[in-house]
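A short worksheet on the structure shown next.
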2 protein chains.
Amino acid sequence: MQEKTRRSFEVFKRNMSARGLKWTRQREIIAEVFFDAGDHLKVDELLARARRLDPRISQATVYRTIKLLKSWGLAEERRFDEGQARYEPLQEKGLHHDHLICTKCNRIVEFVKQRIEKLQHEVAREHGFEVTHHKLELYGLCADCRRR
Amino acid sequence: MQEKTRRSFEVFKRNMSARGLKWTRQREIIAEVFFDAGDHLKVDELLARARRLDPRISQATVYRTIKLLKSWGLAEERRFDEGQARYEPLQEKGLHHDHLICTKCNRIVEFVKQRIEKLQHEVAREHGFEVTHHKLELYGLCADCRRR
DNA sequence: TTGGATGCAAATGCTTTGCAATCTG
DNA sequence: CAGATTGCAAAGCATTTGCATCCAA
């Protein structure tokens with residue numbers, strides 16, 4: 001298990017006991033797989049990886065566990081232009097990032113651009129809005145796919 | 001019917017005959033309601049309005065008509081943080097805009113910010129990407145809801 | 001007349017939920 | 001042991017589709 005996985009893992013575990021919830025084999029496996037992946041996994045991918053460690057894990061449990069992770073700020077749901085949602089481990093708060101998505105190979109690259117965030121707040125202010133969160137997705141071809 | 005509605009309406013009609021498709025009562029009503037609304041309608045809202053003009057129109061036909069509108073660049077599908085998609089009439093090409101969405105009253109405000117678009121291309125270039133389209137949504141409270 | 005269009009209901013794909021059986025604290 | 005959790009299958013939603021009927025060209 002990677003170091004950052006361990007940290008998130010512990011937070012998850014602590015949240016469980018703090019709320020009188022139970023620490024089960026399923027939750028342990030799902031959390032480990034999820035935090036270790038670091039990727040933008042879909043539920044079926046997460047389920048497949050979890051089942052390598054224990055074939056009896058059900059899809060329902062994966063959905064239920066993700067819901068807990070989301071509610072405690074440990075996971076974020078992303079909906080790109082696909083049918084299913086993807087989930088991504090959230091490390092420390094405040095480090096918001098956005099995504100570049102290759103429409104050919106589905107590669108997902110994260111980026112941070114302070115100046116864009118600033119301009120967003122500027123736009124919001126002009127319209128009297130107070131922004132709580134935002135979504136910025138850039139779709140196109142990645143370097144590899146452009147060459148082909 | 002508004003003037004801009006009429007223009008889109010004619011483009012739609014011309015596309016029909018040019019492709020050997022038929023101009024039906026349903027398509028006429030759905031297109032008129034859609035272009036006149038100018039808003040970000042959900043399918044059930046569009047259906048309700050269409051049924052005021054003809055109660056027999058089916059949901060399936062609304063979905064099928066929207067699919068045509070999308071494929072000809074006359075409608076754009078938007079997926080904010082809701083279950084259902086919203087559709088918006090697309091006037092002339094090239095005038096891209098983004099959205100501010102009030103999480104309390106669901107008001108949707110459109111905006112254009114050239115400098116953000118520029119920065120997006122800059123980010124893409126840094127990562128070797130070639131952007132074809134993007135999605136920028138700012139969620140928060142609108143001026144009215146902030147006061148309350 | 002005839003192939004496209006419609007309405008209906010059934011089918012989909014993703015996600016959620018009810019419930020009996022099974023575990024954890 | 002009580003109450004939380006799980007697996008399973010059924011239910012929910014938004015959207016799509018098969019098919020018999022209908023209609024525009």
Side-chain angles (χ1 to χ4, degrees), chain A residues 12-34 40-48 50-72 75-88 106, chain B residues 12-34 40-48 50-72 75-88 106:
Chain A
F12 187 46
K13 203 164 172 178
R14 236 177 293 126
N15 261 281
M16 284 292 171
S17 66
R19 291 160 207 259
L21 302 182
K22 291 170 179 175
W23 187 245
T24 64
R25 174 179 41 83
Q26 290 85 331
R27 287 176 174 171
E28 173 160 9
I29 290 176
I30 294 169
E32 175 171 351
V33 167
F34 176 66
H40 302 76
L41 295 182
K42 292 182 280 190
V43 164
D44 56 335
E45 295 167 340
L46 187 48
L47 178 62
R51 280 192 167 155
R52 277 187 224 138
L53 302 180
D54 182 342
R56 288 169 301 169
I57 290 180
S58 79
Q59 208 189 45
T61 298
V62 172
Y63 274 109
R64 288 190 272 232
T65 305
I66 285 177
K67 184 175 272 181
L68 289 177
L69 289 165
K70 275 195 293 183
S71 72
W72 300 338
E76 198 154 68
E77 184 174 310
R78 301 278 181 188
R79 294 187 162 274
F80 301 130
D81 284 349
E82 304 171 296
Q84 320 142 63
R86 287 179 181 273
Y87 298 89
E88 126 179 50
N106 294 313
Chain B
F12 187 46
K13 202 165 172 179
R14 237 176 292 125
N15 260 280
M16 285 291 171
S17 65
R19 291 161 208 257
L21 303 181
K22 291 171 180 173
W23 186 245
T24 64
R25 174 180 42 84
Q26 291 84 330
R27 287 176 174 171
E28 174 162 6
I29 290 177
I30 294 169
E32 176 172 349
V33 167
F34 176 66
H40 302 76
L41 295 183
K42 291 184 281 190
V43 165
D44 57 334
E45 296 168 338
L46 188 47
L47 177 62
R51 280 191 168 156
R52 277 187 224 138
L53 302 181
D54 182 342
R56 287 170 302 169
I57 291 181
S58 78
Q59 208 188 45
T61 298
V62 171
Y63 274 108
R64 289 190 269 233
T65 304
I66 285 176
K67 184 174 271 181
L68 290 177
L69 288 164
K70 276 195 292 182
S71 72
W72 300 338
E76 198 154 68
E77 185 174 310
R78 301 278 181 190
R79 294 190 161 274
F80 302 129
D81 285 348
E82 304 170 296
Q84 318 140 64
R86 286 179 181 272
Y87 300 89
E88 130 179 48
N106 293 312

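Both backbone and side-chain heavy atoms feed into the values below; hydrogens, waters and symmetry mates do not. First the proteins, then the strands, lettered A, B, ... as listed; each starts at 1.
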note: A/Asp44, atom CG; C/dG13, atom P; distance rounded to Å ~ 13 Å
From CZ of B/Arg25 across to C1' of D/dA25 the rounded distance in Å is 17 Å
Side-chain atoms of A/Gln26 come closest, of D/dT15, C/dT6, D/dG7, to D/dG7
Using 4.0 Å as the upper bound for N to carboxylate O, is an ion pair formed by B/Lys42 and B/Asp44? no
Picking from C/dT16, D/dT5, C/dC8, the nucleotide nearest the side-chain atoms of B/Ala60 would be C/dC8
In whole angstroms, the gap separating P of C/dC23 from CZ of A/Arg56 amounts to 8 Å
Open item on the list: Using a 4.0 Å heavy-atom cut-off, does B/Arg19 contact any base of the nucleic acid, only the sugar-phosphate backbone, or nothing at all?
Closed with: nothing
Counting only N and O atoms by type, is there a donor-acceptor contact under 3.5 Å from the side chain of A/Arg78 to the main-chain atoms of A/His40? no
Between CG of B/Leu46 and C1' of D/dA14 the distance, given in whole Å, is 15 Å
Quiz item: Is the shortest distance from a Lys or Arg side-chain nitrogen in B/Lys70 or B/Glu77 to a carboxylate oxygen in the other one below 4.0 Å?
Solution: yes
Rounded to whole Å, the CZ-P distance (A/Arg64 to C/dG18) equals 10 Å
Between CD of A/Glu77 and P of C/dT15 the distance, given in whole Å, is 7 Å
B/Ile57 atom CD1 is separated from C/dT6 atom P, nearest whole Å, by 9 Å
Out of D/dA14, D/dT6, C/dG7, minimum distance to the side chain of A/Thr24 belongs to D/dT6
Rounding to 0.5 Å, atoms CZ (B/Arg19) and CZ (B/Arg14) come to a distance of 12.0 Å
Quick note, B/Leu21 side chain, CB onward, closest among D/dT15, C/dT15, C/dG4 is C/dG4
Phosphate oxygens OP1/OP2 of C/dT15: is one of them under 4.0 Å from a side-chain N or O of A/Tyr63?
yes
Contacts of B/Tyr87 meeting ring pair (Phe, Tyr, Trp, His ring centres under 6.0 Å) (sequence neighbours excluded), chain-then-number -> none
B/Ser58 side chain near C/dT6 phosphate (N/O to OP1/OP2, under 4.0 Å) | no
Rounded to whole Å, the CZ-C1' distance (A/Arg27 to D/dG7) equals 14 Å
The nucleotide from D/dA4, C/dA5, D/dG7 with an atom nearest the side chain of B/Lys22 is C/dA5
